[in-house]
K.L.:
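The structure's right below; bear with me while I get my questions together.
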Amino acid sequence: MKPSSLSGLPAGVGDALEAEGVAELYPPQAAAVEAGILEGESLVAAVPTASGKTLIAELAMLSAVERGGKALYIVPLRALASEKKAEFERWEDHGVTVGVSTGNYDSDGEWLATRDIIVATSEKVDSLVRNGAPWIDDLTCVVSDEVHLVDDSHRGPTLEVTLAKLRRVNPGLQTVALSATVGNADVIADWLDAELVESDWRPIDLRVGVHYGNAINFDDGSQREVRVDRGGDQTAALVADALDTEADGQGGSSLVFVNSRRNAESAARRLGEVTASRLTDDERDELRELASELRDVSDTETSTDLASAVEEGAAFHHAGLASEHRSLIEDAFRDRLVKCVCATPTLAAGVNTPARRVIVRDWRRYDGDYGGMKPLDVLEVHQMCGRAGRPGLDPYGEAVLLASSADTMDELFDRYIWAEAEPVRSKLAVEPALRTHVLATVASGFASTREGLLEFLDNTLYATQTDDAGRLESVTDRVLEYLEINGFIEREWSGNRETLTATGIGHTVSRLYLDPMSAATMIDGLREACADGGDDRSADYAFSGTGVEGDGDGIETSEGEGDDGPFGTYSLSDVDAGAETGAGAGGANGESAGEEKTEGAARELTPLGLYHLVSRTPDTYELYLKSGDRETYEELLYEREEELLGDAPSAYDDVNFEDWLASLKTARLLEDWASEVDEDRITERYGVGPGDVRGKVETAEWLLRAAETLARDVEGVDGDAVLAVREARKRVEYGVREELLDLAGVRGIGRKRARRLYEAGIESRVDLREAEKAVVLGALRGRERTAERILEHAGREDPSMEGVRADRSASAAATAGSASDEDGSGQANLGDFG
DNA sequence: CCAAACCCGAACAGTAACTGCGTTT
DNA sequence: ACTGTTCGGGTTTGG
């Protein structure tokens, strides 16, 4: 079937596809066309990765647009949203417009209603439905990418409910679901009233095998000798073998999947020995350049470790990396500059990074709930293997699992290679999932009675899969009760019908996309802070029945001395001291503006208290306590318990107390960030990567913004509290102390530059507009372009830096002894102005 | 002859990943 | 389960 022979597509699309090299549709694509996707038929396509799924979706969407409709493409990851958008934008030449919407990025100002194709994450779509985006009604085609993720216990229910809602709003909606090959694609097709196209066909051959001894044993019975030196390592031998085997004129790169971040890093370091010896001089130069870019991304150990691995031609990839790190690595790997990437599952399902050879080194991963090392799901291993083989570049792809014994080899064949992926099973019928979706369903008017709600839920995959309808009902009842008690919904009997309505707050919570439990936690905390009677706060904070309460009065004693131990030379009081002297030098009263703002409240609402509050909601992913942390944070808890909101659990209530401390740990990470503690210090102190810090900050930002809205809407929370929340939010957002908030709000000024400007006597936007340019330039390390941009953003009439000579004296004081920090990368340390 | 450097094995600790908001001050 | 790190004891090495 030739693309140009297809009817129903916008003019020129068929020819354009052929010009791209699509001479003939792949069999699954042809099957999809036969199933009627060009005429608006719904379809489930369960086919391997990289077998042309996206084109199936494109054909459906483009024909829908040609008929005057509008299409939505739902992706599981934000990174995929931008990737898909870029891909679809090639149709703009044919008059098809594309937009994206994710949590952190909306299409450039252009209102989505005017776009023909919209790409969004499932959560974003859910949120758009809740907020009543007008164009939702106009949709005629929806594509759900990686639909097998409905199986995911956290995010699956959202996808499931969202698809059900979209189909409910628009009964004629064409639904195209793209899935990996799973055990029960037919069930998904049933649920979506769709045709099913199922196939194992792949455009490039994929050979899967197990390496054991000195050879890979492939699934087709063939073998390939790959010798491992005595005491040598299988992975290294396989990576070397791939590199030494020229196919298309080059050796092949490898993607190695391992089960922990640490393993990824150490494997990359080791494999660097293999790749380094096979680099050309040009590659070495380019890699050095890439390494220096990587180092500039963030001033952390992770960053330098990554850079040094990359210099050898190997890299690691995991969620602890900053997103800039990740995309640099992904791009360089695609360009074949980086020869080998050692990754955690981030890369298995994420953006498209194929390799000639995939090595699944670890097939078990630690799982606390499971109580040890749990074998990976078949589906997950298949997804990893599916990354092997780059269409158009590699003649074939190879996926290799590693075995150290003949028994293991047999097990791997049985467990993964011959095995079919697990069936997809809905995870909807659990309280956390239903809590949020029941509220949203009621709030956005999809149901107004208990029966209506159950009827709506009957359209979900769960309902078509379960034979225990009572379970969904009983969980729903529990959830309704919870929502009523917390004031998010009202239940009223009129005659024999019970009506459900969302309260004002209920609506707000639904629109803010909060888990109702998070909202309840935040509301309680804020109310408590504002409640009359700050005096009996000790009552709230007594560690009820633990025997600890007696210490309540003497806790202050630990202040000042407690900081030294766990963190070596550094302590929070050091930061305070540093920043205060800093503020003093700047000639400002660096103290207590925060206190003034909150003095009307019944009790002081401090950033730490608020960070702790949002950190213990179910919407924040927990930071785990490591050994020794328990003592550290117990001590911190005693020192600062007056700042914390809500009732601390008893120290004998092990689980809850640990959670409380873990949230405190997260809270202090945020406080450190908002106090200008260096990124590398934070990563070191909390044992996380730069990517984790960014993630925590982002979450806190979002939740505090939501808290601010709640604080305004809810009874019993006063205006001072709103201000305190806002300030705490802005401080994490910019990562600065209070006195820098004004400066850091200017585009182009981050936490480091703000501090330097401040130390140079430029303390506000107004100062920026009026200060001597020489001083500004000096504070910005003589970077003229940067200085001009900043002045422009600050609204200065004449931002030009032409002919201005930097006044170094201004910044000299602030940067004493760090002459080497002239690279403009903005890596000032707190220590620099101590 | 003694102390510092070095080496080895045992004991121990730690363990993947993802998305969510709203325009006002 | 597995790996990387730490720690302690014993050995080697250098002055």
K.L.:
Any side-chain donor paired with an acceptor under 3.5 Å for A:T666 and A:S663?
P.N.:
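The criterion, which ignores hydrogens and geometry beyond distance, is not satisfied for A:S663 and A:T666.
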K.L.:
How many Å lie between CG on A:D367 and P on B:dA17, as a whole number?
P.N.:
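In whole Å, B:dA17 P and A:D367 CG are 14 Å from each other.
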K.L.:
For residues A:H318 and A:T346, report the shortest heavy-atom separation together with the two atoms involved.
P.N.:
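Answer, listing the atom of A:H318 first, then A:T346: CA-OG1, 3.6 Å.
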K.L.:
Take atom CZ of A:R694 and atom P of B:dA17, then tell me their distance rounded to the nearest Å.
P.N.:
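Distance check: A:R694 CZ to B:dA17 P gives 18 Å.
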K.L.:
Starting at CG of A:D369 and ending at C1' of B:dT15, how long is that distance when rounded to a whole Å?
P.N.:
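In whole Å, B:dT15 C1' lies 13 Å from A:D369 CG.
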K.L.:
Parallel, tilted or perpendicular: which one describes the rings of A:Y621 and A:Y624, with boundaries at 30° and 60°?
P.N.:
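Perpendicular, since the angle between the ring planes exceeds 60°.
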K.L.:
For A:R262, report the nucleic acid contact type (base, sugar-phosphate, nothing); a contact means any heavy atom under 4.0 Å.
P.N.:
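Base: the residue A:R262, judged by heavy atoms under 4.0 Å, touches a nucleobase.
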K.L.:
How many angstroms lie between CH2 in A:W363 and NZ in A:K374, if you round to the nearest 0.5 Å?
P.N.:
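Atom-to-atom, A:W363:CH2 and A:K374:NZ are 13.5 Å apart.
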K.L.:
How far, in whole Å, is B:dC18 from C:dT3 if one measures between their P atoms?
P.N.:
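Straight-line distance between the two P atoms is 24 Å.
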K.L.:
Given atom CG of A:D692 and atom C1' of B:dT15, what is their separation to the nearest angstrom?
P.N.:
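Going from A:D692 (CG) to B:dT15 (C1'), I get 13 Å.
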K.L.:
With no hydrogens and no angle check, do the side chains of A:S179 and A:E146 hold a donor and an acceptor under 3.5 Å apart?
P.N.:
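The answer is no; no qualifying pair exists.
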K.L.:
What is the distance, rounded to the nearest whole Å, between atom CZ of A:F257 and atom C1' of B:dT15?
P.N.:
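The answer, rounded to whole Å, is 18 Å.
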K.L.:
Could you please name the partner base of B:dT23, counting Watson-Crick and G-U wobble pairs only when both distances are under 3.5 Å?
P.N.:
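No nucleotide pairs with B:dT23.
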K.L.:
What are the two closest non-hydrogen atoms of A:R694 and A:W673, and how far apart are they?
P.N.:
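Distance-wise, the nearest heavy atoms are NH1-CZ2, 3.6 Å.
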K.L.:
Rounded off to whole Å, could you give me the CG-to-C1' distance for the A:L625 and B:dT15 pair?
P.N.:
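Rounding to the nearest Å, CG of A:L625 and C1' of B:dT15 are 15 Å apart.
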K.L.:
Across all strands shown, which nucleotide pairs with B:dC18 by Watson-Crick or G-U wobble geometry, both distances under 3.5 Å?
P.N.:
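Answer to the pairing question: none, since B:dC18 forms no Watson-Crick or G-U pair.
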K.L.:
Please report, rounded to the nearest Å, how far the C1' atom of B:dA17 is from the CZ atom of A:R261.
P.N.:
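For the pair A:R261 CZ and B:dA17 C1', the rounded distance is 9 Å.
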K.L.:
On the nucleotide B:dG14, are OP1 or OP2 found under 4.0 Å from the side-chain N or O atoms that A:S260 carries?
P.N.:
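No, because none of the side-chain N or O atoms of A:S260 sits under 4.0 Å from OP1 or OP2 of B:dG14.
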K.L.:
Could you tell me the separation between the CG atom of A:L439 and the NE2 atom of A:H507, rounded to the nearest 0.5 Å?
P.N.:
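NE2 of A:H507 is found 8.5 Å from CG of A:L439.
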K.L.:
Just the endpoints, please: which first and last nucleotides of DNA chain C, 5' to 3', lie under 4.0 Å from a heavy atom of chain A?
P.N.:
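The contact span of chain A on DNA chain C goes from C:dA1 to C:dG4.
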K.L.:
So what does A:N259 hit on the nucleic acid, given a heavy-atom distance under 4.0 Å: a base, only sugar-phosphate, or nothing?
P.N.:
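Answer is sugar-phosphate: A:N259 comes under 4.0 Å of backbone atoms only.
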K.L.:
To the nearest 0.5 Å, what is the distance between CD on A:E701 and CG on A:L670?
P.N.:
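Taking CD in A:E701 and CG in A:L670, the distance rounds to 10.5 Å.
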K.L.:
Whom does C:dG9 pair with, Watson-Crick or G-U wobble, provided both distances fall under 3.5 Å?
P.N.:
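Pairing partner: B:dC7.
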K.L.:
Distance check: side-chain N/O of A:K626 vs OP1/OP2 of B:dT15, anything under 4.0 Å?
P.N.:
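Yes, within the criterion.
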K.L.:
Give me the atom names and distance for the closest heavy-atom approach of A:Y513 to A:D126.
P.N.:
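Result for this residue pair: OH-OD2, 2.9 Å.
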K.L.:
Return a single string for nucleotides 18-25 of chain B, one symbol per nucleotide in 5' to 3' order, where B is base contact, S is sugar-phosphate-only contact and - is none, cutoff 4.0 angstrom on heavy atoms.
P.N.:
BSBBB---
K.L.:
Does a side-chain N-to-carboxylate-O contact under 4.0 Å join A:D692 and A:K696?
P.N.:
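No, this pair does not count.
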K.L.:
Between A:R269 and A:G372, just flag the one whose closest nucleotide in DNA chain C comes earlier from the 5' side.
P.N.:
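The answer here is A:G372.
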